[in-house]
Structure formats: structure tokens, C-alpha cells
Amino acid sequence: MINIAIFASGTGTNFIALDQHIRENQMPIQIACLICDQPDAPVVKKAHELGIPVWTHRLKEFENKATYEQAILQELQKYDLELIVLAGYMKIITNVLLGAYPQAIVNIHPALLPSFPGRHGIEDAFEYGVKITGVTVHWIDGGIDTGPIIAQQAVPILADDDVDKLAQRIHRVEHDLYFDSLCQVLKQRKLIK
Ligand code: GAR
């Protein structure tokens, strides 16, 4: 089995979509654990329902970001992880985790990076008035939504769109593109066919 850890902070639709794709396609991939910085987030409940181990603590429970990430690292080291998959994890990853998992941490962002990074990629693109936005899957470095791009898919902004309609279409694209991109990475590493 190829073990992956998912990091999320909120609703968890990408988490659920990945779990569904893995099951439906009978992939030899196991979501070994969920790491969540918001114990009340819906994604935590979803992971419990699926029987996926959860580590959930707020940053403020720790002395600083480094000790927080060291605690996460201790949890992650229980599993032989191939990839760390950020799915709406709203914290910057620092050197503690980047150093422990080089070339192994992937993020998804709801815009065509390097445009509209940050927490509000969909809204920012809509308000700017671009005609095409989209979804980016990329390796992470220490920046906010920066790092080498793995895959992108464009999503047009239609004349009668509002932010909600656009967000729905973006999320639909995310849910397929993330799974496809992870498979692409694992194929390149010759871990799956
Ligand atoms: C997703 O749209 C993801 O691209 C975004 O958070 C959302 C999480 O939704 N991530 C970022 O904005 C990263 N800067 P989900 O909890 O339903 O998967």
C-alpha cells in the first residue's frame, strides 16, 4: 500500500473526493491519517466516519510553529508516507516538515497560480474580472501557494457567474484534477502503473 497523509482545515470536500476516487478505482493507496489544525472542522467528522486516524490540534496549543510541526512530524513518522497532500490546509508549511519530506508535499489551489494565491483565490479572481481562472496542483516550498507546478486546469468565468456558481465549478474540477495529479506523480515514481 502507498500511504499518504492529508492535511486539511475546513470542509473537506477534496478529502472526501480523494477517498472516493481511491476506493472506486481500487487504487493501492491508503489515506493513513488526517492532520487538521481546526478540531471543530467538518473534515474531522468526515475522517472519523471513514475510520481514518485523525491528529487535530490548534497551533496555539504549542509554544510556536516549530514545536507544532514537530508534533505533527512525530505523528506522521508512525506511517511510511509517500506523499503529504494539502487539501485546504490554511497554514504555511515550514522547514520542520519541508526538511523531513522533501519533494513529497503537494498542494491544490483554486486559481491559476501564480495568479491569485492566498485564502481567497476564487473570490479574488472573480473580483478582478479575469475571464479564465482555474485550479493548480503544485509541489510546495515555504511560500504561500508557491512551488513547481504539477498540473493546471482552466475554468472559464461566464457572463452570468456569481462567486458561488464559479466556486461550484472550480471545486468539481479540483475533485478530479487532484486525484489525477497524484496518480501522475505516483506513476512517475513507478509506484503504480
Ligand atoms: C479548496 O478549494 C482548496 O483549493 C483551497 O481550499 C479549499 C478547501 O476546500 N485551498 C486554498 O485556497 C489554498 N490556498 P475543501 O475543504 O472542501 O477541500
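One-based numbering, in listed order, for ligands and for the atoms of each. Note that these values count all heavy atoms, side chains included, but never hydrogens, waters or copies made by symmetry.
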Worksheet entry | Arg169: which of Asp164, Asp162, Asp161 passes salt bridge (charged side-chain N to carboxylate O under 4.0 Å, His left out) | Asp161
Worksheet item: Side chains of Glu174 and His171: donor-acceptor distance under 3.5 Å anywhere?
Response: yes
Worksheet item: In terms of residue, atom name and distance, what is the protein heavy atom nearest to atom 16 (O) of ligand 1?
Response: Gly12 N, 2.7 Å
Worksheet item: Does some non-hydrogen atom of Ala8 fall short of 4.0 Å from ligand 1?
Response: no
Worksheet item: Are any of the side-chain nitrogens in Asp19 or Lys46 under 4.0 Å away from the carboxylate oxygens of its partner?
Response: no
Item to complete: Show which atoms of ligand 1 fall inside a sub-4.0 Å distance from at least one heavy-atom site of Thr11.
Response: 16 (O), 17 (O)
Response to the item:
among protein heavy atoms, the one nearest atom 17 (O) of ligand 1 is Thr13 OG1, 2.6 Å
Practice prompt. Write out the residue and atom name of the closest protein heavy atom to atom 5 (C) of ligand 1, then the distance separating them to 0.1 Å.
Written response: Pro110 CD, 3.8 Å
Worksheet entry | Verdict with supporting geometry, His21 and Asp176, side-chain hydrogen bond (donor to acceptor under 3.5 Å, both in side chains) | CA-CA 8 Å; His21 279 305; Asp176 290 341; 3.0 Å; yes
Worksheet item: Aromatic rings Phe62 and Tyr68: how do their planes relate, parallel, tilted or perpendicular, breaks at 30° and 60°?
Response: perpendicular
Fill in: Nearest-contact summary for atom 7 (C) of ligand 1 - protein heavy atom, Å
Gly88 CA, 4.1 Å
Discussion item. Suppose I only count heavy atoms of His171 and a 4.0 Å limit; which atoms of ligand 1 are within that range?
Written reply: 2 (O)
Discussion item. I'd like to check whether Asp145 has a polar contact with ligand 1, where a contact means an N/O of the residue lying under 3.5 Å from an N/O of the ligand.
Written reply: yes
Worksheet item: Has Arg119 got more than 12 heavy atoms of other residues, nucleotides or ligands less than 6.0 Å from its CZ?
Response: no
Worksheet item: What do you reckon, does Met90 put a non-hydrogen atom under 4.0 Å from ligand 1?
Response: yes
Worksheet entry | Test item, Gly121 contacting ligand 1 (heavy atom, 4.0 angstrom) | no
Worksheet item: Do Arg58 and Asp40 sit within salt-bridge range, that is, some charged N less than 4.0 Å from a carboxylate O?
Response: yes
Discussion item. Please list the nearest protein heavy atom to atom 9 (O) of ligand 1 with its residue and the distance rounded to 0.1 Å.
Written reply: Asn14 ND2, 4.0 Å
Worksheet item: What protein heavy atom sits nearest atom 10 (N) of ligand 1, and how far away is it?
Response: Ile108 O, 3.6 Å
Practice prompt. Linking directly or through intermediates, with side-chain heavy atoms under 4.5 Å: list the remaining ILVMFWY members grouped with Leu158, chain and number order.
Written response: none
Worksheet item: Who gets closest to atom 4 (O) of ligand 1 by heavy atom: Arg119, His109, Glu174?
Response: Glu174
Worksheet item: Does ligand 1 have an atom under 4.0 Å from some heavy atom of Ala167?
Response: no
Worksheet item: Tracing side-chain links under 4.5 Å among I, L, V, M, F, W and Y, which residues wind up in one group with Leu112?
Response: Ile132
